[in-house]
Amino acid sequence: MPRAEIAGGGFAGLTVATLLARAGWDTTVHERAPAIREIGAGLFITHNGLVAIERLGLLDELAPHGAQLTHAVALDRDGRTLTDVELTGCGRTWLFPRERLIDALHAAAERAGARIVTSSEIVSATPDALRLGDGRTVRADLVIGADGYRSTVRRTLGLQRTAHDLGTVSLRFLLPSRELCGDDVTRQYWSGPRRVAVTACSPTQTYVYFACPHGDESAWSGPSYLDTWRDSFPVLMPLFDELRTHEPYVGRYGLVRCRAWSSGNAALLGDAAHALAPTLGQGTNLAMVNACSLVEFVTKDRGPIAERLARWERRTRPVTDASQRWSSLIDWTTRYWPIAIESWRSPAISWLSGRGRGRFDIRAGSYVAPVELAAPVAGA
């Protein structure tokens, strides 16, 4: 029985573990935290991520706990509509609480027979092994580094080209009601370099996120930060009043580029391989769909594992690289767009989002499933 050792129990690690275990592999996931958990708030899942969730057989289980969005609407600071995009076909988009999705993936991996080992730190990797914090070395036919933006596997394999924070900060909230969002529409408001989005996340929850330049410190730091947002978005006064009793999850956008995604029998997935700005809503979607693609190549191709991984990267990486480039450009545009032509920004972002879409194939038995990236205005 072939063996896989996986660093990281997040979206990419649990997806690849589930599919490898179902394919008959002896599969172990090492998570350095004491439990499988996810921080943050809501999570946009677009068409390609939904293909992965459907491949895992989890959409029916998750659907009652999420919201299927019908439209993505962009508005100015006073609530005037700039664009309104219907989310159908390859633009279909759901929103789920992050914890709900990670719990479903965790349960699926365990049902498939994968071992999930928590409090298991990875200190280094080689092309055929992981070295653990307790001094043991675990060898495998396939080693996966799905250990995030600060990946130990990527660093010790020497695959990193660059990894750095981008100039944007996000603040994310998950509100325990739908009072401020009665329909299944995601609305994103623009005011200079600041953005606010309000969207349904589940039948009983609303996801809210803010985004602003890191240098705009008054917008994300200090006890009165919400007052500065009230000045920028007068139409959203009731929202800011509600948020005074909620603590946000504050995070930075990050970017990772690698000289290669694999070394020998070891491969990188998710943020370890290609962390990107969430402006296309593609971080988790790419993590899961690239994991599905990797399993197809590893389990159904012929030849040495290293050659299968190289073919997987050649097939998959161009779309991921394009998504990374376009998401970075959109992030730059949100921070530096001239105020004098503010009304043109959202149409430009929608055009860039469309240009940032691409296609690649996940091989699935005897058929090929087309996958298209991202709906416009669909990410923090």
Side-chain angles (χ1 to χ4, degrees), residues 1-29 47-59 90 105 108-116 125 127-130 138-146 153 157 159 258 260-270 272-274 284-321 323 358-373:
M1 178 184 295
R3 182 176 179 180
E5 297 286 341
I6 301 165
F11 298 110
L14 293 174
T15 298
V16 75
T18 301
L19 295 173
L20 285 172
R22 289 179 183 176
W25 284 56
D26 180 0
T27 304
T28 301
V29 176
H47 177 67
N48 55 337
L50 290 167
V51 169
I53 289 174
E54 289 164 340
R55 177 70 57 82
L56 292 161
L58 297 179
L59 187 55
C90 286
L105 290 170
E110 290 190 325
R111 287 195 301 268
R115 288 183 297 277
I116 313 293
D128 65 353
L130 294 175
V138 289
R139 300 194 176 278
D141 301 282
L142 176 64
V143 171
I144 300 289
V153 175
L157 287 175
L159 296 177
C258 295
W261 286 0
S262 65
S263 175
N265 287 13
L268 303 174
L269 279 173
H274 50 71
T284 298
N285 293 284
L286 287 170
M288 293 191 298
V289 81
N290 287 353
C292 292
S293 179
L294 182 146
V295 173
E296 292 294 328
F297 275 85
V298 166
T299 61
K300 296 180 180 177
D301 259 15
R302 296 181 179 179
I305 294 289
E307 293 180 5
R308 301 182 210 182
L309 293 176
R311 288 193 291 270
W312 161 72
E313 180 176 353
R314 286 196 298 271
R315 183 77 165 272
T316 304
R317 185 165 179 171
V319 167
T320 300
D321 284 349
S323 181
R359 290 185 179 273
F360 71 96
D361 299 326
I362 298 177
R363 294 180 308 175
S366 61
Y367 71 93
V368 174
V371 178
E372 189 162 335
L373 290 178

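Computed from a predicted structure; not experimentally measured. Computed over heavy atoms, backbone and side chain alike; hydrogens, waters and symmetry mates excluded.
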Peer 1: Do the non-hydrogen side-chain atoms of Glu313 and Ser262 ever get within less than 4.5 Å of each other?
Peer 2: yes

Peer 1: Working to the nearest 0.5 angstrom, can you tell me the gap between Arg55 CZ and Ser293 OG?
Peer 2: 9.0 Å

Peer 1: In Å and rounded to the nearest 0.5 Å, what is the CH2 to CZ distance from Trp261 to Arg314?
Peer 2: 13.0 Å

Peer 1: Can you tell me if Asn265 uses its side chain to pair, donor with acceptor, with the backbone of Ile305 under 3.5 Å?
Peer 2: no

Peer 1: Which distance, rounded to the nearest 0.5 Å, do you find between the CD1 of Ile53 and the CG of Leu59?
Peer 2: 6.5 Å

Peer 1: Measure across Ala129 and Arg139 and return the closest heavy-atom pair with its distance rounded to 0.1 Å.
Peer 2: CB-NH1, 3.8 Å

Peer 1: For Ala23 and Thr299, which heavy atoms make the closest approach, and how far apart are they?
Peer 2: CB-CG2, 3.9 Å

Peer 1: Take His274 and Leu268 through the side-chain contact (heavy atoms from CB on, under 4.5 Å) test and state the conclusion after the steps.
Peer 2: CA-CA 9 Å; His274 50 71; Leu268 303 174; over 6 Å; no

Peer 1: Looking only at heavy atoms, which two atoms of Gly270 and Ala287 are closest? And how far apart?
Peer 2: CA-CB, 3.8 Å

Peer 1: Going by atom type alone, with no hydrogens or angles, which donor-acceptor pairs under 3.5 Å involve a side-chain atom of residues 2-22 and a protein atom two or more places apart or on another chain?
Peer 2:
from, atom 1, to, atom 2, distance (Å)
Arg3, NE, Glu5, OE2, 2.8
Arg3, NH2, Glu5, OE2, 2.9
Glu5, OE1, His30, NE2, 2.6
Thr15, OG1, Phe11, O, 2.7
Thr18, OG1, Leu14, O, 2.8
Thr18, OG1, Ala109, N, 3.2
Arg22, NH1, Leu56, O, 3.4
Arg22, NH2, Leu56, O, 2.9

Peer 1: Is the shortest side-chain heavy-atom distance between Val143 and Pro127 below 4.5 Å?
Peer 2: no

Peer 1: Report the distance from atom CD of Glu54 to atom SG of Cys292, rounding to the nearest 0.5 Å.
Peer 2: 10.5 Å

Peer 1: Which atom names give the shortest non-hydrogen contact between Asn290 and Trp312, and what distance separates them?
Peer 2: O-NE1, 3.3 Å

Peer 1: Does Trp25 offer a backbone N or O that forms a donor-acceptor pair with the side chain of Thr27 under 3.5 Å?
Peer 2: yes

Peer 1: Got Leu309 and Leu294 here, is their nearest side-chain heavy-atom distance under 4.5 Å?
Peer 2: yes

Peer 1: Salt bridge check, Glu296 against Arg308: does any charged N sit closer than 4.0 Å to a carboxylate O?
Peer 2: no

Peer 1: Report yes if some heavy atom in the side chain of Leu286 is under 4.5 Å from a heavy atom in the side chain of Leu269; otherwise report no.
Peer 2: no

Peer 1: Can you name the nearest heavy-atom pair linking Val153 to Ala125, along with the distance?
Peer 2: CG1-CB, 3.9 Å

Peer 1: Do the non-hydrogen side-chain atoms of Asp26 and Arg115 ever get within less than 4.5 Å of each other?
Peer 2: yes

